[in-house]
Amino acid sequence: MKLVMRADDFGYTKAYNDGMIKAVREGVVTYVDLMLDCPGTEDAIEQIKAYPWVSVGWHGGHFWGRPVADPKLIPSLLNEAGQFKFRVDQTLKNDVVYEEALIECRAQIERCIRLLGHAPICTTINHDLLFEKARAQVCDEYGIAYDFMRKVDRKTRKEAVPADRWKHLNIFMPCQHDSCYKILYSDYAEEREKYDPVAYYLNDEDQLLKEDIVITAWHPGYLDDYIYFDSSKHFNLARVIDIKAMCDPKLKQWIIENKVELVNIKDALYGSQDYQNYLHSIHSRLYMGE
């Protein structure tokens, strides 16, 4: 089985980025999903340049910061505070002007190209929403991959079907909200503290080992005051636990014993060997080659 270890919310703040980079440097993160509109975006891009074997994606659906485009050009996307009006209520993505959505999405990708040197590798798209249809158009313009995996949506329970060009890869992403994340929605802190990403793999809760290529997603990053008050309180604890989990020797041993091949998302989609070549170069026991 090939495993893509995705780390979400990269770029949230500098403090958050520092925690994620620890999970990259000392752990098994192979792919970071970048938010291009947040306070830590530029720092995230500068830091990830030192780790070219880690893929960078465009964090799908998350527009939690402030617009990259001139706000005067995209009024239908914003609330009175100047933030994206759909950052909490995703249905408001249908109440936008399509051309304005294109302006903002293009501005975000151009920002990534200017700072990182290239567009993100991939993203996820919810085709039921008008704003997301604009994102899909921009992805086509810049060669950003989407619709490449099977996954059941947490809210609609609809299963995403890969586009024809990706079906042969048989990439699967479990709905971790139904398994490992489920305990985080408890109203009781003592229950949320039982959250255990390492046990998720050791117990194979989503039967990952029977799949060909799997993507699992986590949120490793340090907390600061911005995130504490901006993010879901239920997920704040998970963020720091995820750093430790991604670096845990028990998780690394599970990978070795089950002959799991760590890959980044570029490797998974296009057949490159960037992440395994990196492991080979540092003589890591996680390297699955001969």
Side-chain angles (χ1 to χ4, degrees), residues 1-10 20 23-24 27-35 54-62 90 120-129 132 135-136 139 144-185 195-221 235 238-239 242 245-246 251 254-255 258 260-272 274-275:
M1 186 260 285
K2 294 182 179 180
L3 178 61
V4 179
M5 284 287 205
R6 192 178 89 187
D8 288 357
D9 299 347
F10 195 42
M20 188 172 291
V24 166
V28 291
V29 168
T30 69
Y31 158 33
V32 295
D33 245 9
L34 176 66
M35 298 195 292
V54 174
S55 293
V56 177
W58 186 16
H59 200 13
H62 283 53
Q90 294 283 301
I121 298 291
C122 64
T123 191
T124 55
I125 300 286
N126 181 346
H127 294 278
D128 294 332
L129 302 170
E132 292 291 296
R135 282 215 312 131
C139 286
I144 300 169
Y146 60 93
D147 289 353
F148 49 80
M149 62 188 178
R150 299 164 20 238
K151 183 182 179 183
V152 174
D153 186 88
R154 175 171 63 97
K155 295 181 179 178
T156 66
R157 311 312 300 173
K158 290 172 58 178
E159 182 172 80
V161 178
D164 288 343
R165 68 172 295 194
W166 306 116
K167 281 184 179 178
H168 70 285
L169 296 175
N170 197 26
I171 298 176
F172 171 66
M173 185 171 187
C175 184
Q176 290 166 251
H177 292 276
D178 290 341
S179 52
C180 190
Y181 291 169
K182 189 174 181 179
I183 199 169
L184 295 174
Y185 294 98
Y195 169 72
D196 190 345
V198 175
Y200 169 79
Y201 290 103
L202 270 54
N203 299 330
D204 201 12
E205 293 179 20
D206 280 320
Q207 300 182 25
L208 305 180
L209 290 171
K210 69 178 185 179
E211 300 289 342
D212 295 325
I213 304 175
V214 172
I215 302 171
T216 51
W218 308 97
H219 304 81
F235 266 84
R239 297 181 188 281
D242 284 351
M246 293 298 97
L251 175 57
W254 176 86
I255 291 169
N258 288 282
V260 172
E261 182 180 347
L262 289 172
V263 297
N264 65 34
I265 194 63
K266 176 173 168 278
D267 299 335
L269 292 173
Y270 301 108
S272 52
D274 291 353
Y275 199 81

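- With rounding to the nearest 0.5 Å, the separation of CE in M5 from OG1 in T216 is 4.5 Å.
- In this structure, T30 contributes its side chain and V263 its backbone to a donor-acceptor pair below 3.5 Å.
- The aromatic ring centres of Y181 and H219 sit less than 6.0 Å apart.
- For D242, there are no salt bridge (Lys or Arg N to Asp or Glu O under 4.0 Å) partners at least two apart in sequence or on another chain.
- Remark: A145 pairs with C122, F148, W166, L269, Y270 by the side chain to side chain contact (heavy atoms under 4.5 Å, CB included) rule, at least two apart or across chains.
- Partners of A7 under the side chain to side chain contact (heavy atoms under 4.5 Å, CB included) rule, at least two apart in sequence or in another chain, are M20, V29, V32, P220.
- When the side chain to side chain contact (heavy atoms under 4.5 Å, CB included) test is applied to S272, the partners found at least two apart in sequence or on another chain are K266, D267, D274.
- Here the CD1-CG distance, from I215 to L3, works out to 9.5 Å after rounding to the nearest 0.5 Å.
- Rounding to the nearest 0.5 Å gives a distance of 10.5 Å between CG of L34 and OG1 of T123.
- Note: W218 and F235 fail the aromatic proximity criterion, with ring centroids not under 6.0 Å apart.
- There is a side-chain donor-acceptor pair under 3.5 Å between Y200 and D206.
- Residue pairs meeting the salt bridge (Lys or Arg N to Asp or Glu O under 4.0 Å) criterion with at least one partner in residues 209-221, sequence neighbours excluded, are R150-E211.
- Neither side chain, D33 nor H62, offers a donor N or O lying under 3.5 Å from an acceptor on the other.
- No side-chain heavy atom of W254 sits under 4.5 Å from any side-chain heavy atom of V198.
- Taking the ring centroids of W58 and Y146, they lie at or beyond the 6.0 Å cut-off.
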| field | salt bridge (charged side-chain N to carboxylate O under 4.0 Å, His left out) between D147 and R165, worked out | value | CA-CA 9 Å; D147 289 353; R165 68 172 295 194; over 6 Å; no
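- None of L209, L202, D204 except one satisfies the side-chain contact (heavy atoms from CB on, under 4.5 Å) rule with N258; the exception is L209.
- With rounding to the nearest 0.5 Å, the separation of CG in L251 from OH in Y201 is 6.5 Å.
- Atoms NE2 and NZ, from H177 and K182 in turn, are 13.0 Å apart once rounded to the nearest 0.5 Å.
- Applying the side chain to side chain contact (heavy atoms under 4.5 Å, CB included) rule to N126 yields the partners D128, L129, E132; only residues at least two apart in sequence or on another chain are considered.
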